[in-house]
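This report refers to the structure that appears directly beneath it.
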Amino acid sequence: MIDLKQLRQNPELYRAAVANKNEKTDIDALLELDEKRRKLQFEFDTSKARQNQVSQEIAQKKRNREDASELLAEMSIVAENIKTLSSELGNLNTLLEATLLTVPNLPQAEVPVGNDESFNRELRRYLSPPSYSFPLKDQLELATSNRFLDFQRGAKISGSGFPVYTAWGAKLERAIISFMLEYHIQKHGYQEVATPYIVNMKTMTGTGQLPKLENDMYHIDEDDLWLIPTAEVSVTNLHADEVLPEKELPIKYVAYSPCFRRESGSYGKDTRGLQRVHQFNKVEMVRFVHPDESYAVLQEMVSDAEDILKAFGLHYRVIELCTGDLSFASAKTYDLEVWAPGSGKYLEVSSVSNFEDFQARRANIRFRDKDGKLRFVHTLNGSGVATPRLMIALIETYQNQEGGIDLPDILKPWLELKV
RNA sequence: GGAGAGGUGGCCGAGCUGGUUGAAGGCGCACGCCUGCUAAGCGUGUGUAGGUCAAAAGCCUACCGAGGGUUCGAAUCCCUCCCUCUCCGCCA
């Protein structure tokens, strides 16, 4: 949620944000609504003040056993008027709030302006693409020949885009998740949480998935609940409607969760194998920080995510997103793209964003500063990282001439756990 | 799913025979006094949001789980819903 007062003062900033983010909100209609609302609010308040005042007089008269019928007659008219005003005001507020929820966050000033990914900036690379002395196989061939993924049976029991991990594919998946969780806990100081995968509408609105992404998420009609597309949703909303003591900041959470995405309208686009699926696993980092620190923390989180790829010895690049590629709620985002040599392309495995106070406003997450003033925290999150494309990169990078896979040593202890 | 109890300020907790109760009292917190230090004691203050205003102060309005109703007037009465707890049922 954006700050309505700020919108009133600098509407051009928001018009630009809407245009640069390829959104459609009508800022001027919103301003008009706001104007109308304030006018009505004033009228309502004035009538209410009159009513409160006369009510006192009536009470006084009744106590003194005096006749109050004249005042009562006047008041029934005022009360009728208040009723009308109140319902008009209610409607207006509902409309205003709904519209306000469709205004995207302002991109940070330095974000490159552009309407598609061609305006993104590559910031740096780690390692170079590895070279091989034999013809490479891609993820699908490797997964099939090594029998650790079963797309057919996944399609049978659920539909396309629901992979089944079999035998050591399942074990590898679990090993990767455990490794990443422990890495963030032990080396980066995050606190683990395990939150629900199904949440209510308020929660989905708090982080900004609703109303915009309604069609990209799975909804359970009978209970009016939603399947989370990322752990960001449940973890960030953990502190919704709370006032956090300043000394508890920063809060650093890491959470594993499956993620559910309908990916509506994306059929046929990079959907081969594990590239784009409806259910996948992800380890997510979420932080609640003092507003002064959020941009320093953003850099730190990008580096936290990079550490995972470095630990696996994978070649990747860091991308700074342009305004058009920025998500609705984000002010600034970096993507990590890992190299998949068999497929011959870079794949996005992490997206790290600073939402500034946009989510905090929606979810009402505040802290009390040194002067005792209530302020919104800044929230950030980043994948650390998502598993399917990481697995593509791992098996394609570490394939051998025989069509097998020589996984990096760092994963061995996680694959050889004994009971 | 059924029955019962309950949801009041940072917390605890009155009020619930409708009218100076935004809300007693206590705890906590802040400041001051007192005190060798600490504790105790005394005094004062201590919600959030919206509006008005250039801004602050001030003033006005709203908020006692949420929404609606009755009434001149609702924390208090009525209805619907949500949540928590206890018991029963069902169940991994």
Side-chain angles (χ1 to χ4, degrees), chain A residues 1-11 30-101 103 194-206 210 220-226 234 237-249 251 258 357 360-377:
Chain A
M1 179 113 67
I2 53 117
D3 184 352
L4 192 52
K5 280 184 190 154
Q6 217 184 78
L7 174 75
R8 245 178 252 152
Q9 284 160 7
N10 304 301
L30 182 61
L31 284 169
E32 213 170 288
L33 268 177
D34 174 52
E35 179 90 38
K36 245 190 189 162
R37 185 195 123 260
R38 278 182 299 159
K39 237 187 204 157
L40 231 122
Q41 182 76 52
F42 183 78
E43 245 184 281
F44 175 80
D45 285 355
T46 311
S47 302
K48 259 302 201 185
R50 174 75 186 144
Q51 186 183 57
N52 289 343
Q53 188 197 333
V54 178
S55 281
Q56 301 286 328
E57 288 169 28
I58 293 170
Q60 188 62 247
K61 288 206 175 212
K62 292 220 161 170
R63 238 172 282 140
N64 298 340
R65 298 176 171 283
E66 291 171 34
D67 175 45
S69 54
E70 209 170 299
L71 290 178
L72 285 174
E74 183 200 338
M75 277 306 97
S76 66
I77 297 165
V78 174
E80 200 56 41
N81 189 30
I82 285 175
K83 214 175 191 173
T84 315
L85 285 174
S86 157
S87 96
E88 278 175 38
L89 194 60
N91 291 341
L92 210 54
N93 272 324
T94 307
L95 187 60
L96 184 70
E97 276 156 33
T99 312
L100 210 48
L101 286 176
V103 182
T195 51
Y197 306 146
I198 300 179
V199 301
N200 59 31
M201 184 175 161
K202 180 177 187 286
T203 298
M204 275 302 180
T205 309
L210 286 178
I220 300 163
D221 287 332
E222 193 163 356
D223 301 294
D224 193 18
L225 293 169
W226 304 78
S234 35
N237 279 285
L238 231 36
H239 294 298
D241 296 316
E242 288 185 19
V243 176
L244 303 165
E246 187 171 4
K247 60 176 187 289
E248 276 181 27
L249 299 178
I251 295 173
D357 64 3
R361 267 177 206 286
R362 292 183 158 232
N364 194 27
I365 309 169
R366 297 176 294 178
F367 73 101
R368 204 173 281 283
D369 71 9
K370 289 183 187 71
D371 303 324
K373 268 186 62 185
L374 283 173
R375 297 176 63 186
F376 291 106
V377 299

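Only heavy atoms go into these numbers, but all of them, side chains included; no hydrogens, no water, no symmetry mates. Not measured: the values here are computed from a predicted model. Proteins come first, then strands; the chains are lettered A, B, ... in the order of their sequence lines, and each starts at number 1.
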*Indicate whether OP1 or OP2 belonging to B/A62 is found under 4.0 Å from a side-chain N or O atom of A/K48.*
yes
*In whole Å, what separates the C1' atom of B/G68 from that of B/G50?*
22 Å
*What is the nucleic acid contact for A/Q60, judged by heavy atoms within less than 4.0 Å: base, sugar-phosphate only, or nothing?*
nothing
*Counting only Watson-Crick or G-U wobble pairs whose two distances fall under 3.5 Å, which nucleotide matches B/A57?*
none
*Under 4.0 Å between a side-chain N or O of A/R8 and OP1 or OP2 of B/G50?*
no
*Name the nucleic acid region contacted by A/I58, choosing base, sugar-phosphate or nothing; use a 4.0 angstrom heavy-atom cut-off, strictly under.*
base
*Any side-chain N or O of A/R361 under 4.0 Å from OP1/OP2 of B/A49?*
no
*Does the side chain of A/N52 get closer than 4.0 angstrom to OP1 or OP2 of B/U20 through an N or O atom?*
no
*asked:* OP1 or OP2 of B/U70 versus the side-chain N and O atoms of A/K83: is any pair under 4.0 Å?
replied: yes
*Using a heavy-atom cut-off of under 4.0 Å over every strand shown, decide if A/R50 touches base, sugar-phosphate, or nothing.*
nothing
_Is a donor from one side chain sitting under 3.5 angstrom from an acceptor on the other, for A/D45 and A/Q41?_
yes
*What is the nucleic acid contact for A/K202, judged by heavy atoms within less than 4.0 Å: base, sugar-phosphate only, or nothing?*
nothing
*Considering every strand shown, what is the Watson-Crick or G-U wobble mate of B/C90 when both distances are under 3.5 Å?*
none
_Between B/G41 and B/G26, how many Å separate the two P atoms, rounded to a whole number?_
12 Å
*Where do A/N200 and A/T203 land on the side-chain hydrogen bond (donor to acceptor under 3.5 Å, both in side chains) test, with the steps shown first?*
CA-CA 6 Å; A/N200 59 31; A/T203 298; 2.9 Å; yes
_Taking atom CD as the centre, does A/E32 end up with more than 12 heavy-atom neighbours from other residues, nucleotides or ligands that are less than 6.0 angstrom away?_
no
*Report the base-pairing partner of B/G45 (Watson-Crick or G-U wobble, both distances below 3.5 angstrom), or none.*
B/C29
*asked:* Base, sugar-phosphate or nothing for A/K61? Non-hydrogen atoms, less than 4.0 Å.
replied: nothing
*Using a cut-off of strictly less than 4.0 Å, decide whether A/R368 has a side-chain nitrogen or oxygen near OP1 or OP2 of B/U46.*
no
*Just wondering, do A/L40 and A/L92 contact through their side chains at under 4.5 Å, heavy atoms?*
yes
*asked:* Between B/C91 and B/G4, how many Å separate the two P atoms, rounded to a whole number?
replied: 24 Å
*Does a side-chain N or O from A/Q51 land closer than 4.0 Å to OP1 or OP2 of B/G73, or not?*
yes
_Would you measure the distance from the P atom in B/A75 across to the matching atom in B/U17 and give it in whole Å?_
14 Å
*Using the C1' atom in both, what is the distance from B/G67 to B/C82, to the nearest Å?*
10 Å
